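Quantities reported herein were computed from a predicted structural model and do not represent experimental measurements. Remember, it's 1-based here, ligands and their atoms both numbered in the order they're listed.
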Amino acid sequence: METRVIPVDREHLHRDMLAEAAQLLRDGELVAFPTETVYGLGGDALDPDASRRIYAAKGRPSDNPLIVHIADTGALRVLAEEIPPEAWELAERFWPGPMTMILRKKAIVPDATTGGLPTVAVRMPSDPVAAMLIRESGVFIAAPSANASGRPSPTCAEHVYEDLNGRIPMILDGGSVPIGLESTIVDLTGEIPMVLRPGFITIEQLREVLPTVEYDPAVIKKVKDETIVAKAPGMRYRHYAPKGELTIFEGDLAAVVARVQAEAEAKAAEGYRVAVLASDETKDLYRGLTVRSVGDREEESTVAAHLFETLREFDRMGAEYIYGECFPEEGVGQAVMNRLMKAAGYRIVKI
Ligand code: TXA
Ligand code: MG
């Protein structure tokens, strides 16, 4: 299958630009498209065959459920039942935007989309291309991140092409996404609302609406602990990982830089291809090593925006060992460190 990449000018967006993509979706085909978080691989959420195509294209285990994307809040009533008042409050405050809610599903949502779960994940994206695509197609769009399973999520159309070329008919290219990490997931089906995946919307922001919201224990674990089972099935799998072995060093920044320099030098001396994951503040402190800055420590949203792209770059350069700094876990830093720890397979060295 030939994969067509269609540029879409988000500044001058017109529905005609999305007509073909919308038709593909109505026909049960797949289209990759930008959202404000990461690129999604979309298919008709109510068509089990479309969902199966999504799993096949990504090489994703079919028990890992998909997020259903909607263009207006009212669609919640079509997809979910027993919707608690908290859901409407969250929607009012954070939609459209990078927040996904887990609710009890209605029968109309096929098991193929929810991985057989009795619940459904719903999100209303703010990206204008995503919103217009949902409206134009007239379908709810099931969309996981548009990467091959296990690889870092795509933050631009080139990443999608890299992973899915030949496996899907169309990629809408809206340029680089603004956020760069996947949405915050909140589970509203239990007694206490739970964050299953941290994202750009922080738990502090959620607490302004839902004071009782807590992290699922699987989110805050710092070590690989097989006894804590993640409620979001996707958070269980090896994920976001570069091909090389990534180790993260935690502690006082000057000590971290010294240790990363020493470890990286030693591995390079053994003849391995080695890279350093640094920040704007530290990148010039390393000597004689291949160094990539992931962003500015003072502006952690820049780290979020470039993390996945940097991990992909390490693959492109064939890095066998990657040594990385850790980042403060405040605000979006919680989500950054969550992804970084997973990418490292929880290989953390405390200094
Ligand atoms: O920002 C995002 O959320 C992006 C864009 C494309 O919207 N999508 C995304 O989808 O990250 P995906 O499939 O890569 O991640 C969805 C996560 C997985 O960890 C999955 O297990 C979880 O959401 N999930 C989906 N439905 C669920 C459910 N009913 N219960 C618990 N977790 C669920
Ligand atoms: Mg994903």
query = Among Thr155, Asn147, Asp163, whose side-chain hydrogen bond (donor to acceptor under 3.5 Å, both in side chains) with Arg312 holds?
reply = Asp163
query = Could an N or O of ligand 1 be found under 3.5 Å from any N or O of His69, whether backbone or side chain?
reply = yes
ask   = Looking at Ala121, which atoms of ligand 1 are within less than 4.0 Å of one of its heavy atoms?
value = 25 (C), 26 (N), 27 (C)
message = At less than 4.0 angstrom from any non-hydrogen atom of Val38, what atoms of ligand 1 do you find?
response = 4 (C)
Atoms in ligand 1 with a heavy atom of Arg60 nearer than 4.0 Å = 12 (P), 13 (O), 14 (O)
inquiry  = At less than 4.0 angstrom from any non-hydrogen atom of Ile67, what atoms of ligand 1 do you find?
reply    = 3 (O), 8 (N), 9 (C), 10 (O), 16 (C)
inquiry  = Tell me whether Glu182 has any N or O atom under 3.5 angstrom from an N or O of ligand 1.
reply    = no
ask   = In chain order, what residues pass the side chain to side chain donor-acceptor pair (under 3.5 Å) check against Asp111, with sequence neighbours excluded?
value = none
request  = Report, in ascending order of atom number, the atoms of ligand 1 lying under 4.0 Å from any heavy atom of Ile185.
outcome  = 17 (C), 22 (C), 23 (O)
key: Contact check, Ala143 vs ligand 1, heavy-atom distance below 4.0 Å   = yes
message = I'd like to know if Val8 and Ile141 are part of one continuous hydrophobic network [Ile/Leu/Val/Met/Phe/Trp/Tyr, side-chain heavy atoms within less than 4.5 Å].
response = yes
remark   = Near Leu117 (heavy-atom distance under 4.0 Å), the atoms of ligand 1 are 28 (C), 29 (N), 30 (N)
query = Going by the order shown, which atoms of ligand 1 are within less than 4.0 Å of some heavy atom of Asn64?
reply = 18 (C), 20 (C), 21 (O)
inquiry  = Taking 4.0 Å as the limit for heavy-atom contacts, which would you say applies to Asp187 with ligand 1: side chain only, backbone only, both, or neither?
reply    = neither
task = Answer yes when Glu162 and Arg316 have at least one side-chain N-carboxylate O distance shorter than 4.0 Å, and no when they do not.
result = yes
inquiry  = Geometry only, no angles: is Thr119 polar-contacting ligand 1 at N/O separations under 3.5 Å?
reply    = yes
query = Is it true that Arg123 and Glu182 have a side-chain N and a carboxylate O under 4.0 angstrom from each other?
reply = no
query = Linking I/L/V/M/F/W/Y whenever any side-chain heavy atoms sit under 4.5 Å apart, do Leu164 and Val38 land together?
reply = no
request  = Flag yes if Val303 and Leu253 sit in one hydrophobic cluster, no otherwise; membership is Ile, Leu, Val, Met, Phe, Trp, Tyr, and two members link when side-chain heavy atoms are under 4.5 Å apart.
outcome  = no
query = Of all the atoms in ligand 1, which lie at a distance below 4.0 Å from a heavy atom belonging to Thr37?
reply = 1 (O), 2 (C), 4 (C), 5 (C)
request  = Can you see which heavy atom on Tyr39 is nearest to which on Leu172, and at what distance?
outcome  = CE2-O, 3.2 Å
ask   = Can you tell me if Thr310 and Arg292 form a side-chain donor-acceptor pair at under 3.5 Å?
value = no
task = Give a yes/no verdict on whether any heavy atom in Ile102 is under 4.0 Å from an atom of ligand 1.
result = yes
task = May I ask you to say whether Arg287 pairs ionically with Glu265, meaning some side-chain N is under 4.0 Å from a carboxylate O?
result = no
ask   = Do you see an N/O/S atom of Asn147, backbone or side chain, under 2.8 Å from the Mg ion (ligand 2)?
value = no
